[in-house]
Structure formats: C-alpha cells, structure tokens
There are 4 protein chains.
Amino acid sequence: MNKLGVHALVWEKGWSHDECERAIAKSAEVGYDFIEAPALDPSSIDIDFTRRSLEKHGIGINFSLGLDADTDISSGDIEKGKRGKAKLLEALTLARDAGATHVCGILHSAFQKSSVPTTAAGVAMSVDILGQVAEIAAKSRITLGLEVVNRYESNVLNTASQGVELCKRIGADNVKVHLDVYHMNIEESDVPSAIKDTGSYLGYFHTGDSHRGYLGSGTIDLAGVFRALVASGYTGPITFESFSSRVVGQPLEGILGIWRNLWEDGYDLASHALMYTRAQLKSATETLRQVERSRLP
Amino acid sequence: MNKLGVHALVWEKGWSHDECERAIAKSAEVGYDFIEAPALDPSSIDIDFTRRSLEKHGIGINFSLGLDADTDISSGDIEKGKRGKAKLLEALTLARDAGATHVCGILHSAFQKSSVPTTAAGVAMSVDILGQVAEIAAKSRITLGLEVVNRYESNVLNTASQGVELCKRIGADNVKVHLDVYHMNIEESDVPSAIKDTGSYLGYFHTGDSHRGYLGSGTIDLAGVFRALVASGYTGPITFESFSSRVVGQPLEGILGIWRNLWEDGYDLASHALMYTRAQLKSATETLRQVERSRLP
Amino acid sequence: MNKLGVHALVWEKGWSHDECERAIAKSAEVGYDFIEAPALDPSSIDIDFTRRSLEKHGIGINFSLGLDADTDISSGDIEKGKRGKAKLLEALTLARDAGATHVCGILHSAFQKSSVPTTAAGVAMSVDILGQVAEIAAKSRITLGLEVVNRYESNVLNTASQGVELCKRIGADNVKVHLDVYHMNIEESDVPSAIKDTGSYLGYFHTGDSHRGYLGSGTIDLAGVFRALVASGYTGPITFESFSSRVVGQPLEGILGIWRNLWEDGYDLASHALMYTRAQLKSATETLRQVERSRLP
Amino acid sequence: MNKLGVHALVWEKGWSHDECERAIAKSAEVGYDFIEAPALDPSSIDIDFTRRSLEKHGIGINFSLGLDADTDISSGDIEKGKRGKAKLLEALTLARDAGATHVCGILHSAFQKSSVPTTAAGVAMSVDILGQVAEIAAKSRITLGLEVVNRYESNVLNTASQGVELCKRIGADNVKVHLDVYHMNIEESDVPSAIKDTGSYLGYFHTGDSHRGYLGSGTIDLAGVFRALVASGYTGPITFESFSSRVVGQPLEGILGIWRNLWEDGYDLASHALMYTRAQLKSATETLRQVERSRLP
C-alpha cells in the first residue's frame, strides 16, 4: 500500500515551533501517513522539536528541496557544485535525524526560471555529485527522488524519460525519479504512458491538479494517472501538493508564480484530497480487476 | 444538497422480507440517504414491511420500473396502454405508501430490445397516458422520471434532448427527465453538454460506469459528469446503479445482458461509490469556485 | 502502414450490381484502400461483378459477417454448428475469390441480443469449429478476425481479453481478435490498455464513435485509441464503420437498434473520417516520437 | 468560417527579407489563410516587403507581441507606460500598413517571469493605456486581443475570466480576449467551460498542445476545445502555435523555456496541424448537429 502524504505548504509557510506543531498535528488529524516538509533552508528546521512532534502525532516525514543558482550542481561551476553538495548533505542529515525515508525535489539543478539551456558538462557534474550524495544517503537507507519539473522551474529534467536517463547515468539503487502530475501535464506527451514507462525507476510521486488547487478541479485526467500508478505496481509515497497565495510567501511565491488565491481553507482542501486519492486508488485497482474477472466459461 | 441513493440490485435480486431488510439495512449502514427499489412486479412488494424497515434504519426510498411488451404505452395498442397505465398507477400507490418522492425508469415504453423503430402514434399515446398518470402522481407530490436509455433497451427515448421533448409534450411540472451515465455514454454526443442542456428538466440521475461495474473503473469521464451536474445547479437525487451476475437474476439478467461477474462484494462496491461520489461532487464544486476566485486586483 | 477501409453501409444497404458499383466507386474516390462488405447473406453477392468493380477502381475488399440463431456455432447444437461452419466456409470462398485478406465479425457466435449467458460447451464447440475453418482459411492466406462486441450483440466475446483467450484456445496463427471502439467504449475498463494488452493478437480494427455517427462527434477518447494502436505497433486494417437510419435497413436496423438519423450524407461522413483518421494516426506517431526526442545533453 | 493561421516561428526565427518570404510562401503553400508574425521588435519588420510578399502568395497577416519590463504598462511607472504605449502604437501602424485585422499577445503587461504579484494601480494603468490604444486601433478597424497566459509568462491575466474582466474595465468594442490552449491547460479549471464563458469577448484563439509540439501529441483534450469553440459560435481567427529549439532563438527561447527539440520539420508540423484542425472543427460541428437530429417522431 502506498503511504499518503501532504505538503506542509497546505498548512503553513514556515517551520517555527508553532508552525511545525500545527502542520504535523493537522496532517495527522486528517489521516495522512506523513508530511512533506520543504528543506529549502535546512538550518531553519529544529529537528529535535520536529521529531518529537511527529512521534506525538504518530506520522512520518519526508523532505523536499530545490537547489538555487548559488548551489546549482548542474552549473558546471566547481564552487557552486561544492556548495550544492553541502546543502544536499545537510538535508540528508535532517532526513536521517527525523527518520525520513525520502529526500526529493530538484536535487539535480537550480529551482528557477532559466534563460539558457543546460549543458552536457553541467549534466555530467550533476551526475557525479549525485552519485557521491547517493552513497552517503544509502548508509541512512534514504532514497533520493529527482523531481521532473516544467520548463519554467528547471532546464535539466522536464520529462520522465529524462529522469530515467539521469538515474541510469548515476547508477545508484537509491536514486529514483520523482514525478509530479502538475509538471507532467505540461511536459509529457502522454501522462499514463510516461508513468508506466518510468516503471521501477519511479520512487516518489506528487499529486495535485493543473492549477495547483483542489484535486480534481483542474484539467488533468487524474483517473488515468491513478490507473497508471496502480498498473505499474508503484507502492511508494504519494504526496498531495497545492499552493495558494493564502499560505505561500516569498521566495516560493515568486519562484512558483503563485498569483491567485486558489483556496482559503487548507483543512478542507487536505481532507478532500485524501478522500479523493483513496477513491481513485480503489477505482484504479478495480479497473485492473475487471480484466481478471472477464474469463470465458 | 443532492440526496444520494443506491440501487437495490447492488444487494439483492428480490424483495422478500429478508432481502428487503438486508438491502435497506446495508444501504443505511454505508451511509446512503435512500434506496432505489425495482418495482417491475409491484405485487411482490410488501409495502408495510418495507416502510417499517425504512423507518427502522432511517433512510428513504424511490422506485424504478420499466414497462414490458404487454404493458407498452408507446405501442399504439389501446389494451396494452390500459394495462401500462394500471401498472404505473400501481407503482404510484406503492411509492405514496412508502413515502417515496420519485418514480422513475422506462415509464414511457417497453423496457426491451426492440426490432423496429417507434411511431408517431405510439409516442402520442405515451404522452397522453403519462399526462394522466402525472396528474394522479401530483396529488401525492410524486415526480415521474422518464429514463433515457440506450438503443438496446428502448426505441423511444435514447437522448436527453428527446427526453426534454417528451416532457414538453406532456407539459406537467412533475414529469422530468431521468438521465443515466451508462446510457449517455452510448447515445449522447457530449455528456456534460447534454446534462447542462437538460437543465431544469433534469429530475433524477443515475451514476455508474460504462460496463456497469465499480464507479471510476470504466471509460466514462465522470469528473465531467459531476461538473455538469453541479454547474447545472441540479439538487435532485443521485443514485448509484451497478449490476453483476453475482446478484442479478432473470429476467433482468437477460434484458440487461449481464454476462459478467463485475464484482463480488456489494458492500465494498457501494461504500466506494459513496466516497467516490462525495469526492467528485466536492471537486466539481471547487471547479466552479476557482472561477469566482480569479479576480483582478 | 495500416490499410484504411470503410464499411459498405456508409453507402448502400444492399449489394445489387448498382449498389456494389456505387459503393466501391465512392470508397475509391474518397481515398480508402479497401471496402468492408457485409456477407450476412453470401449468396446475394455476385463475386465476379464485385471483383471487376474493385479492379476498375483500384481498391481491395474484406468481408464481415455475424452468424445467426440458426447457424450459431456456440449454441452447442450439432446441426446449428454444421450450418454455421457451412456459412463461414461460404464466406471464405467469397473472400478468396474477391482477393480479400480478412474475414471478420461475429464468426464465433450468433449476432443477436441473447437472453441467457453462453456455456462452456458452447464455447468449446465454437473453438473446435473455428479451428477447422481456420485451417481452410490458411490455404487462401485469409485471416479470421473474431469481433468483440457489446453485451447486446453477443453473449460470448464482450472484452478484448476474452477475445485473446478464445484465440489462444483455437491456437491458429490466422485467427486474430477484431476490436471495435464502439463496443470497447461499453465493455472495456480502459480502452487504450485493452488495445495494448491485445498486442499481437489484434488482427482487425473498427473505428467509429460512441453513437456510431461522425468520427469525433461522440464520447470516445479517440486520441487515446489511436495512440494505443500506434504504440502497439499494429499495422493491420483499420475500417471506419457508421450506421444511420438514412441507409441501413432490416434486419440490421433491428439487430443494431438504429433508430436515429445520425447523418444524411455518407460521402461527407466518409471523407471526414479518412481525414480525421490520418490526422490522429500522425498525432499518435508524433506522441511516441516526443519521448525519443527528449534526451539529456 | 474561422480563418486559420500559423505562427511564423514554425518557419523562421527572424524576419529578414528571406525569412519573411519563406515563411509567407510556406504558410500559403500549406493552405493557411494568414500568418501570425511576432512584432516584438517592430522596427525589424520591412512592412512594404512583407505586404508585397503577402499579396504575391494571397494570404493575410496578424501581429502578436508582448511588452517587456521596460515597456510594462501594468508597472505603475509612468515612463514605462509611455514607452509601452508607443510600442503598441508602433505595432498598430505595422498592422494597419500590412492590412492586418488583429494585434494580439501580452499587450497589457510584461511578457516575463515575474517575481511579485501585480497591483491594483498597475492594472488600472494598463486599463487606461489600452483604452487609448483601442481608440486609435478602431480607426484602422483593428481588434486588440489581450492574451491570457500562464503564471510564468505574466502576473496579470492568467485566466479567461480575468481577461473578460479586463475587457469590461476597458470597455471598448475592439478589445477582446485572446485565449491559447497551451496556457489554458495550466490555468483554467475547465477549458471548454472557460471558452464558453468567455463567449462574445473571445476575439483571437491559439491552438497548440500541452508541450507546444505537434497538435494532438500532448495532454490537452483538443476535441473538447474545438467543440467549445464551435458551440460558442466563435468565428474569429484560429492560429496554430508551436515552438521547437530547432527554430526559436534568443530571447524567446529563454522567455519561453524552449529546451527541447519537439520537431524538426516545420512543414510537416504545419501541414498536419491544418488537417487536424479541419478534422476537429468538422467533428465539433457534427457533435452539435447530432442534437438537432435526435427528434421524436
């Protein structure tokens, strides 16, 4: 069974003690198995407090982050590569201390609107550094999920097949592709096929909808997405992600272009997302079973 | 808010005391507001027992039926018309005594695979008789829902626009169109548009999926269906209907062509359908709200 | 490249010399590679005239038929089985003499609305007889396509997976599954997946839409259908089939339930279907190519 | 009938005499009614040469542009507003001299990835200046199309309903909404509903697909898009837009994030897009006609 999670930005924009406690308490109350916390600034996270809050409420955690221009390991700049590696290792420490199983997001490049394409040398540097980071992650049994995002958020991984290609170049068992339906809707030719083609390289999954609002209120064929996940035999984490100007602040508001108030009440949003996800996973499971059930006498 | 119901054939194939009690108890336990009971043979229904069972479990009831060749009020045969009218009135009595608000189904013609098209005279006779029946139904505040079904189940009403046309010819406030997604998937050019175009003539609605199995496990774009229902402002009953050779027997098995075992466990099926329906209704409501929320500063 | 064909009922309801000549001439004029002619009554077809007309207009032909109650090889009745086999062999002779490559349709059972399920003995008899027929067909290099149709047209093969199962039981290289989107829309849980799962067993394909009218004017996700065909590597015939009360007469009108006038002008219909099919096949081909084109530097 | 056009970037990245002549010749050869030429730098366009080339090949032209940070009329900065107005008037002059009917694109703000939301004062300034520009455009019978784009390309108009709101504030008959399916796929909750709700405010339309490659090779339900256009009674221009790193250069490559080679052969791409568009417009027209054709006897 997939563990179901919710992104912390559904609840809070920061990670002060109060914000951390509220976000974890609500995620647990709604019924999620874990929370995904952004680790864009790992130093802002009090990991002891976080771990105690998780234990108190009985749920798990995973961390996500994106590198920035100054820490871009796909830049080809050695100093930036060193800083990027350090940031990734810092996130790994957080994850290990919090009992996380996955660190995911744009780990392979800068999380920004680029103005020029990436380069072969940049990609090679990213492969090299991620290989080193993966080795350390493996010691804490942590899986890295390389998030495939749209053209406006990275110039390196925009399609699932590129994600698989990068994983193969890195060649570590604990480096997987992290897919997100919001981005797939923009970049993939056929979302269900892309999920199936990713196959066993899929290690982390983000649900959401085309405008990043309520699940099922946008343009994405989510039934097809859940069918592909189930048909692929994917058993990893599935996290609901949604952003509204009601919660998100700078710098994420600017990077993500969150100009609209897509929802007011994160609790209503997250409760619905969980029910919707369970309903669709069951529908998808029964879709497969129909085939088994249609036998000739 | 729409009342949500479930068809009795999800539970039982007949309506003996035991079957009636089990079907009503389970419908209530899952959380439905009402059960839809087939009244193909009204004389087989013990209405006092049924009413007590409904009261005990705190849910409501609606009845559905289809006429047959011998009672076909669209046949143009006066004797068949008389028998058809009598059968409809018998169902009305049942409905009144059970506290039902709706009698629906193929009330306007025979529920069978026809081999020739209907005729103008047959349709006129159906209009005439339904007008008389509607007058009597009005006294018990009962709405008649004329079900639009696929070409293999009737040769009269196959599209929503034909349903609206028949309602207009009858001209009674309590005669409405009863739409069913299973049939719409076969006959309509555009399901959401057909629902919206039916507008205030819509009086009863059947959900289900393309093969009549688990909701969301077939080919129908159910998200579009629920969006159209919500966008139309439809507040009437929504009933989940599903048939498996596990439960259904003759003559329905033969008329409906139920050759496959699409599910084993009606409780699992009905519980999922209710969760799925609630999730989609909420998604549809939020779809409309997104538009309201996108205002310029 | 797939050969593209059109069903004769787009043009004419019979196969007199005039009807045959007009149907073949128009199919060729629009640009189709072949015509699919119904052989419900093989004795009504003048095969020499037909062949000369095909040669004159430079297109090919394939034949389709369905058995009836009296020739039902899945009935378990030995006499009906003999008559059914004779009818299939008669169609094979026609096909051989006309230079056809495929004989398809409901070759395995009666083409009718059944009222009871099929039986294990009936299916076994169908397997046996089709094995014998296939051997004879192989001598003329003719492929048999067993059409999977909806529950109202046969009680034997309703899903693609049942079609594959029957082919496997027959075990002849020239017996393949004949899929039709109109029927798949009703019976399959997931149409693209069913096409892909049929894989190399797919031998003949019918396009159309949910109401059997203009291509792209119904409820079927045809883009997904063409993507699945291309992704499967299917290179066999693709025939456009559509029925309107404007052309079709009895007994087909009755068996198929054609109560509506879905189009007036078969030439307009068939011209559009060809353009639509070519546009979608190209879109599908490019969908696959996008994946190949997204490589990392 | 809608005039069908193609964006010049399908052919060429610049507008030198050679590029202009080739782009116009090919657009005409494929069968388009007009070409849409980018006027990001109006001074680079030799309008006399362009007009002669259009006349020679017998097609029309429309212009599109986006303002930049320095000419942003939604900035609230008076000097930028003046420069923006001057740029828009320069484009109007081009359009008038070339015989164009429409000037469209991001006329109301900067075409860029913003990092902060727009402001009420900025929107008010944009309304004011566009009102003045519209008055001048009206004298040359030119319609302004305000393009609604995704969050990464502007922070002002991201949804169709915002576009309608801006048009209403401007209050000029020749200021209309310019919709683009690529952007709608990201921002709208329901694309067909958004098109229908825009109604008579719709003045210009861009087709394409989710990744901006071959039409029909992405994730967008294009059948639904064309149905909504036809159902709305939209008779204005429809332009196919597609970008590949094969043609597009800086600065557009950077602004648009064109990192992938989505196609190699613009001629193949544009020919297919025209066939695909015609096939879908016809399917959409017939979808509506099915409703008219289903009348009771």
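All chains are named by letter (A, B, ...) in the order of the sequence lines, taking the proteins before the strands, and each is independently numbered beginning at 1. These figures come from a predicted structure and were not determined experimentally.
For A/Ser244 (side chain) and A/Val247 (main-chain N/O), no donor-acceptor pair under 3.5 Å exists by modelled atom type. Panel note: side chain A/Trp11, backbone A/Glu19; no donor-acceptor pair is recorded below 3.5 Å. In this structure a side-chain-to-backbone donor-acceptor pair under 3.5 Å is missing from A/Arg169 to A/Asp128. Using modelled atom types, no side-chain atom of A/Lys13 and backbone atom of A/Arg246 make a donor-acceptor pair closer than 3.5 Å. One N or O on the side chain of A/His211 and one on the backbone of A/Ser217 form a donor-acceptor pair closer than 3.5 Å. Checking side-chain atoms of D/Ser64 against main-chain N and O of D/Cys104 turns up no donor-acceptor pair under 3.5 Å. Under a 3.5 Å cut-off, the side chain of A/Asp180 and the backbone N or O of A/Val149 do not form any donor-acceptor pair.
A/Asp70 contributes atom CG, which lies 9.5 Å from atom OG of A/Ser75 (distance to the nearest 0.5 angstrom). For the atom pair CD of D/Glu187 and OG of A/Ser210, the computed distance is 8.0 Å after rounding to the nearest 0.5 Å.
Within the 4.5 Å cutoff, the side chain of D/Ser242 has heavy atoms near those of the D/Trp263 side chain.
Comparing D/Val191, D/Asn155, D/Asn185 by how many heavy-atom pairs each has under 4.5 Å with chain A, the most go to D/Asn185. In terms of heavy-atom pairs under 4.5 Å with chain A, the best-connected choice from D/Gly224, D/Pro251, D/Gly213, D/Gly254 is D/Gly254.
For A/Arg212 and A/Phe243, the positive end is not near the middle of the six-membered ring at less than 6.0 Å and at most 45° from its axis.
Checking A/Gln162 against A/Glu165 by side-chain atom types alone, no donor-acceptor pair falls below 3.5 Å.
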request  = Output, in order, the C-alpha distance, side-chain angles, deciding distance and verdict of side chain to side chain donor-acceptor pair (under 3.5 Å) for D/Tyr204 and D/Glu36.
outcome  = CA-CA 11 Å; D/Tyr204 200 84; D/Glu36 178 184 316; 2.8 Å; yes
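In this structure, no portion of D/Ser245 lies under 4.5 Å from any heavy atom of chain A. Heavy-atom distances place the side chain of D/Tyr182, and not its backbone, under 4.5 Å from chain A. Only the side chain of D/Asn150 has a heavy atom closer than 4.5 Å to any heavy atom of chain A. Contacts between D/Leu256 and chain A at a heavy-atom distance below 4.5 Å involve the backbone alone (N, CA, C, O). Neither the backbone nor the side chain of D/Ser193 comes within less than 4.5 Å of any heavy atom in chain A. Residue contact with chain D, scored on non-hydrogen atoms closer than 4.5 Å, involves the backbone of A/Ile255 exclusively.
Scanning residues 109-122 of chain D against chain A with a 4.5 Å heavy-atom cutoff picks out D/Lys113, D/Ser114, D/Ser115, D/Val116, D/Pro117, ordered by number. Near-neighbour residues of residues 268-278 of chain A relative to chain D, defined by a heavy atom under 4.5 Å from a heavy atom of that chain, are none.
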